[in-house]
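The first residue in the sequence is number 1, and the count goes up from there. When reading the values below, keep in mind they use all heavy atoms of this one structure, side chains included, and skip hydrogens, waters and symmetry mates.
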Amino acid sequence: MWQFLFLLLPLAAFSGWLIGRRALTHITLRKLSDLNKLLDPAPNKTIDVTQFMDANQEAVETHLALGGLFRRRGEVDKAIGIHQHLIDKPSLTEEQRALSLLELSRDYMRAGVLDRAETVLLELVDQGFQLDLGFQHLLDIYQQSKDWQRAIQTAEKWQSKTNRNMSFHIAHYYCELAEQQWLKGEKEEAFNYIKKALHTNRRCVRASLLLGNIEAQSQRYKVAIRAYKQIQKQDQAFLSEIISPLARCYESLNNPEGMIKYFDDCLQNHLNTSAVLAFAEWLHKARGEGEAMRFVVQHLRRNPSLRGLNRLVQFSMTRSDGSSQQDLVLFQELIEKMLINKPSYRCQACGFSGRTLQWQCPSCKRWDVIKPIHE
């Protein structure tokens, strides 16, 4: 009797394995069939994605990945359905629910439903999960909608919770508010926001430039000059940006010698082609072509550049005639062809370049990273 039972045990074990194997194959084939239905690219086909979702805890990561795939394919409704269904499951861990909330916020942002994305992200950061990504997405929303007050509050909250330095961002948000008030004619409000920007980041070039422009417009030229000169201490790369407005202030005060002395001191320590050429234009108007030409030649000997050479050729053309002038015209055309696609500003983070100064990079969306290019 016992021998008979021992013979049956291996047979029963094999039968159990075979039944399990067939069941696993059936489940796998069913899941593949479901996946094919979900990924069916046929247009105008409405599918309830939640009917295919397994309640198995181990499938959460798969569902998150699948939702991300639908979002990248532009099928945001399917992505929202998957992530919303995940969030409604009571069996999720806190971390899994936080990941689901983050993915759902990205779905809403992709769909352009920013108010819903904001609501989801606020819930996420209040729970203390995914703080960096959550706060970053919130700032993206507020920057896109130009809600600078909420951007300031969010950046300050991010800074307090993670010790992340957000002073550069906050200073620029205050500058955005200052520009808005200035355009409305509310100069006192603009002054207050500029002061807050400089208090947040004392090296904020944009705030000093704004302050100088407002003071110059109000004909407080000495105060404007002090604001413009502060930029040279904050970041010498922006010296070229203040030459023209600073020159106008000195001219309004009938003090051209002060202008010459200040820039002579600056250029002794900082060779900057853009600043040199801007100063040469002012010399041309104030002192004549001869002195401007000598100034450019002096700079070219110390720091050769195509833009400097191009300006020297332009000065020389007015002093030549006949065949010599024709040769100079040809020479200038060749130089300008080389310069035509050269940008004036470049992002120090991603390499984006352009011909106008922008305080936030259009490519990588970072603040305070675009600076003038100096040959």
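- What you find for Gly354 and Pro343 is that their closest heavy atoms are O-CB, 3.5 Å.
- When side chains are defined from C-beta on, Ile87 counts as touching Leu104, because their heavy atoms get closer than 4.5 Å.
- Note that the CG atom of Leu121 and the CD atom of Gln136 stand 11.0 Å from one another [nearest 0.5 Å].
- Gln234 is listed as a side-chain neighbour of Ser208, based on a closest heavy-atom distance under 4.5 Å.
- When hydrophobic clusters are built by joining Ile, Leu, Val, Met, Phe, Trp and Tyr residues whose side-chain heavy atoms come closer than 4.5 Å, directly or via intermediates, Val329 is grouped together with Leu309.
- Ring to ring, Phe315 and His284 are close: their centroids are under 6.0 angstrom apart.
- By the rule that hydrophobic residues join a cluster once side-chain heavy atoms approach within less than 4.5 Å of another member, Tyr193 and Ile231 end up as members of one cluster.
- Clustering ILVMFWY residues whenever any of their side-chain heavy atoms sit less than 4.5 angstrom apart, transitively, puts Ile370 in the very cluster that holds Tyr173.
- Remark: Lys229 is positioned above the aromatic ring of Tyr262, its terminal NZ or CZ atom under 6.0 angstrom from the ring centre and at most 45 degrees off the axis.
- To the nearest 0.5 angstrom, Arg203 atom CZ is 12.0 Å from Leu198 atom CG.
- Counting only distance, with no hydrogens or angles, the side chain of His83 and the backbone of Ala79 share a donor-acceptor pair below 3.5 Å.
- Ring pair Trp367/Phe168: centre-to-centre distance not below 6.0 Å.
- A donor and an acceptor atom, one from each side chain of Gln314 and Arg311, are located under 3.5 Å apart.
- Relative ring orientation between Phe279 and Phe295 is described as perpendicular, the plane-to-plane angle rising above 60° on a 0-90° scale split at 30° and 60°.
- Listed here is the closest heavy atom pair of Gln159 and Ser167: OE1-N, 3.7 Å.
- When all heavy atoms of Leu277 and Gly308 are compared, the pair lying nearest together is CD2-CA, 3.9 Å.
- Side-chain contact between Trp282 and Met259 is present, with at least one heavy-atom pair separated by less than 4.5 Å.
- Nearest heavy-atom pair across Ala111 and Val76 is CB-CG1, 3.8 Å.
- Side chain to side chain, Trp182 and Asn213 fail the donor-acceptor criterion of an N or O pair below 3.5 Å.
- Under 3.5 Å, the side chains of Glu336 and Gln332 contain a donor-acceptor pair of N or O atoms.
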